Amino acid sequence: MPKILMAASEAMPFVKTGGLADVMGALPAELVRAGEEVAVVLPWYRDAKLASAPREAFRDLRITVGPTSFLVDIFETVELGVRCFLVSCPPLFDRAGLYGAAGSDFPDNHIRFAVYCRAVLGVMRHLFRPRILHCHDWQAALAPLFMRYTFAGDPTFFGVRVLFTIHNIGFQGIFPASALYDLGIPTALFLPNLLEFYGNLNLLMGGMYFSDWISTVSPTYAVEIQGDLGFGLQNFLRARSDRVSGILNGIDYDTWSPEKDRLIARNYSETDLSGKSACRQALLDRFRLRDRPGAPVVGVVSRLTDQKGFDLVAQIAAEMMREDLFLVVLGSGDASYEQMFRDIASAHPEKAAVHIGYDEALSHMIEAGADMFLMPSRYEPCGLNQMYSLHYGTPPIVRATGGLEDSVVSAPPQEATGFKFRDYSGAALLAAVRDAVGAFGDRPRWREMMRRGMRRDFSWAASAGEYAALYRKLLM
Ligand code: ADP
């Protein structure tokens with residue numbers, strides 16, 4: 001079994017700010033369950049939640065980046081069968097916040113994650129020597145560069161293959177050119193398509209340059225980032241298109257299954273859907289909406305940001321609310337979208353309701369109680385909510401992008417699990433909503449569609465199997 005070492009800046013259950021932590025909480029454990037030998041390296045942040053005290057594995061690792069030296073200790077703990085190495089360097093990681101405080105990034109993030117990446121190489125030298133180094137997002141991007149450039153002669157790293165996974169290409173780790181000096185990286189590497197990006201330093205690009213394969217979190221996103229959604233890296237990626245692919249994330253069936261979810265009014269399953277109407281009633285009650293049988297409840301659970309496509313809802317709100325439906329929204333984010341949903345709710349108090357905030361329990365109630373789920377994203381590397389919706393028998397209405405395109409089927413009708421629209425336009429969204437509302441009227445066919453979605457396999461076991469196959473391919 002080839003050993004696999006994963007480098008990422010966050011992982012459940014230790015720390016989470018986004019979807020990366022969910023992947024890192026699930027994928028290594030699933031690979032271990034499948035018989036792989038996997039370890040993970042993480043920074044030891046102040047906010048890390050630890051069930052027990054980790055043991056010290058390596059003391060006083062001296063790391064010099066540019067003009068500054070740091071003393072780093074490596075601790076080790078085991079979580080769900082996965083060895084986790086925690087990089088302790090209090091001046092860099094013992095702070096409130098992972099990447100910044102009060103809305104702005106820490107000014108020394110490049111140094112913090114350079115030290116972290118050097119510590120990853122330290123783990124490889126002293127504690128866990130892998131055949132595969134699997135790096136995630138820009139915070140881990142300097143690990144391949146240090147390994148293949150700075151320490152190119154070190155036999156520890158001979159034959160190690162590098163997989164780089166992009167979770168959202170909107171975040172690239174861009175710093176002013178002067179950061180090169182802080183990091184001790186020679187200006188010889190400050191070249192276009194390597195580290196130089198419009199005069200700045202781009203760590204994500206540098207990490208991918210020194211990797212053997214680039215993956216993203218859905219097959220369609222892997223194609224899209226080579227075009228319109230590349231955020232400036234499309235040409236770089238297109239030049240490597242034979243080494244770019246996508247693997248859809250899984251979902252956590254322990255937390256998200258209507259059969260055993262404790263946060264919903266009644267449990268139900270593909271073979272017995274009866275509990276779902278109690279969930280619908282509970283949701284309408286929660287939002288003080290009076291039921292109109294036959295009118296579908298359209299649910300939204302989302303960050304309210306431009307990425308999520310709510311400007312399209314703004315374009316068609318009036319027409320959409322003329323349909324016989326309910327709209328229930330949970331989310332928070334940009335003030336303008338929060339206000340838009342508040343305005344819709346106050347204009348249509350008998351049909352629409354909104355809760356601004358982050359509420360885990362309510363998100364489960366909406367997945368279970370809604371009849372359909374709305375996700376009109378501008379772009380979506382993978383997306384989780386559409387998979388939760390499918391699993392809860394709540395057909396999603398999605399824009400055909402990224403993981404939404406890959407997880408939802410809209411045609412032919414006998415295979416459909418939801419509704420998709422392609423054009424990024426209010427008219428296309430409105431047409432999809434009308435289709436869904438129309439289809440909801442045919443109850444037997446609707447139930448068939450619900451069941452088809454519920455039967456789909458979005459397990460982590462399936463995703464982990466694809467990663468294992470990719471590791472094997474890289475070692476051939
Ligand atoms: P993204 O990671 O881009 O926000 P995903 O669909 O991949 O989108 O994942 C979003 C996750 O965050 C889901 O688990 C979703 O339920 C949750 N979520 C988003 N907003 C809220 C909210 N306001 N309250 C509760 N959960 C939320």
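Remember, it's a predicted structure, so these values are computed and weren't measured experimentally. Ligands are counted one by one from 1 in listed order, and the atoms in each one are counted from 1 as well. All residue numbers in this chain count up from 1 along the given sequence.
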Can you see whether [X] engages [Y] through a side-chain donor-acceptor pair at a distance of less than 3.5 angstrom?
| X | Y | value |
| --- | --- | --- |
| Asp306 | Tyr337 | yes |
| Ser9 | Tyr99 | yes |
| Thr305 | Asp334 | no |

### Task
Would you please name every residue forming a side chain to side chain donor-acceptor pair (under 3.5 Å) with Arg456, sequence neighbours left out?
none
I need the nearest protein heavy-atom contact for [atom]: residue, atom name and distance, please.
| atom | answer |
| --- | --- |
| atom 7 (O) of ligand 1 | Leu384 N, 3.2 Å |
| atom 14 (O) of ligand 1 | Tyr388 CE1, 3.4 Å |
| atom 15 (C) of ligand 1 | Asn385 ND2, 3.3 Å |
| atom 17 (C) of ligand 1 | Tyr358 OH, 3.8 Å |

### Task
Check each of Phe171, Tyr379, Trp138 against Phe231 using the ring pair (Phe, Tyr, Trp, His ring centres under 6.0 Å) test, and report the only one that passes.
Tyr379
### Test item, Gly18 contacting ligand 1 (heavy atom, 4.0 angstrom)
no
Contact atoms of ligand 1, heavy-atom distance to [X] under 4.0 Å:
| X | value |
| --- | --- |
| Gly357 | 22 (C), 23 (N) |
| Lys308 | 1 (P), 3 (O), 4 (O), 8 (O) |
| Met375 | 6 (O) |
| Ser302 | 20 (N) |
| Arg303 | 1 (P), 3 (O), 4 (O), 20 (N) |

Going by atom type alone, with no hydrogens or angles, which donor-acceptor pairs under 3.5 Å involve a side-chain atom of residues 287-294 and a protein atom two or more places apart or on another chain?
residue: Asp291; atom: OD1; partner: Arg280; partner atom: NH2; Å: 2.6
residue: Arg292; atom: NE; partner: Asp324; partner atom: OD1; Å: 3.2
residue: Arg292; atom: NH2; partner: Asp324; partner atom: OD1; Å: 3.0
residue: Arg292; atom: NH2; partner: Leu325; partner atom: O; Å: 3.2

Below a 4.0 angstrom heavy-atom separation, can you tell me which part of [X], side chain or backbone, both or neither, approaches ligand 1?
| X | answer |
| --- | --- |
| Asp359 | backbone |
| Cys382 | neither |
| Met387 | neither |

### Query
With a distance cut-off below 6.0 Å to the six-membered ring centre and an angular limit of 45° from the axis, does Arg443 pair with Phe440 as a cation-pi contact?
yes
### Query
Taking the six-membered ring of Phe236, is the NZ or CZ of Arg240 close enough (under 6.0 Å from the centre) and on axis enough (within 45°)?
yes
### Query
Ring centres of His134 and Phe164 under 6.0 Å apart?
no
